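This is a predicted model, so every value here is computed, not measured. Because only heavy atoms are used, hydrogens play no part in the values below, and waters and symmetry mates are left out as well, while side chains stay in. Just so you know, ligand 1 is whichever comes first in the structure, and atom 1 is the first atom listed for that ligand.
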Amino acid sequence: MKIIFLGAPGAGKGTQAEIVAERLSIPTISTGAIIREAVKAETAMGTAAKQFMDAGALVPDDVVIGIINERLSQKDCEGGFILDGFPRTVPQAEALDKMGVEIDVVLSLEVADEAIVERMSGRRVCDKCGASFHVKYKPAKDGEHCDKCGAVLSMRRDDAPEVVQSRLAIYHSTTEPLKEYYGNKGILKTVDGQEEVSDTTALTLAALGV
Ligand code: AMP
C-alpha cells in the first residue's frame with residue numbers, strides 16, 4: 001500500500017507512520033528525517049537546507065523532489081511505503097504524479113493549532129537515531145535518554161515556539177490545499193488526531209482498512 005500522511009507539524013504523522021509501517025512491513029520515508037541526517041553529515045544539500053529548516057521555512061521543492069525521487073527508486077519501496085512530510089506543496093504533489101507514483105490513500109491527521117503548540121513544546125528527539133518522544137504523552141523511560149539507543153534527548157531547534165507559529169502558518173497556506181488536491185482524486189481520509197496516540201492509531205488503521 002502507498003500511503004501519504006498529511007497534517008500540521010506535530011500532528012503525530014511520524015508516530016502513526018512508524019506504527020502503521022511496522023504493521024504493514026513497509027518503510028516510512030520522512031523527508032524531514034532525511035534532511036536532518038544531511039544537515040548532521042554536513043553534505044552540500046544539508047548545508048543548503050539548514051537555513052530554511054532552522055527558520056521553520058520549507059526547503060525548496062526541487063531539493064525535496066530530488067530526495068523523494070531517489071528514495072522511491074530503492075528496492076524496499078517496491079511493496080509500498082508511507083510518506084511522512086511529503087508532499088507539502090501542490091507542485092510536490094504534481095511531481096509525485098509525474099513520477100508515476102499511484103498513491104492509494106492520503107490520511108490527514110486533524111489537530112487544532114493550540115494543541116500543536118503544546119505538543120511541540122514537549123517534543124524531544126534523539127540526535128543519534130531520530131526516535132521521537134514527548135515529556136507528557138510519550139515519555140522516554142528515564143526522561144532523558146533514548147529508549148532505543150541510549151543517546152541523550154534534545155529539543156529540535158525548529159520546535160521553538162516562535163518557529164512553530166511560522167511552521168503552522170506555512171502549513172495552513174501551503175500544505176493544507178493538498179487536502180483539496182487529494183479530495184478531488186477521491187483518496188483523502190481525515191482522522192481525528194487530537195486524542196491519545198492509541199485512539200488515533202485505531203482510527204488510522206480503520207481508515208486504512210487493515
Ligand atoms: P518535519 O520533520 O517533517 O517536521 O520537517 C522538518 C523540516 O524539514 C520542515 O520544517 C522543512 O524545513 C523541511 N522539510 C521536510 N519535508 C519537506 C518538504 N516536503 N518540503 C519542504 N521542506 C520540507
Inset, instruction - Tell me yes or no: between the side chains of Gln16 and Thr201, is some donor less than 3.5 Å from an acceptor? - result: yes
Legend entry - Set of salt bridge (charged side-chain N to carboxylate O under 4.0 Å, His left out) partners for Arg167, sequence neighbours left out: Asp158, Asp159
Inset, instruction - Look at the side-chain heavy atoms of Ile, Leu, Val, Met, Phe, Trp and Tyr, link any pair under 4.5 Å apart, and say whether Ile187 and Leu72 land in one connected group. - result: yes
Inset, instruction - Report the hydrophobic cluster partners of Ile19, with the cluster defined as I, L, V, M, F, W, Y residues connected by side-chain heavy atoms closer than 4.5 angstrom, directly or transitively. - result: Val197
Legend entry - Arg71 bridged to Glu37 by N-O distance under 4.0 Å: no
Inset, instruction - Can you tell me which residue pairs pass the ring pair (Phe, Tyr, Trp, His ring centres under 6.0 Å) test with a partner in residues 132-168, sequence neighbours excluded? - result: His134-Tyr137
Legend entry - Amino acids contacting ligand 1, non-hydrogen cut-off under 4.0 Å: Thr31, Gly32, Ile35, Arg36, Met53, Ala57, Leu58, Val59, Val64, Gly85, Phe86, Arg88, Gln92, Arg156, Asp158, Arg167
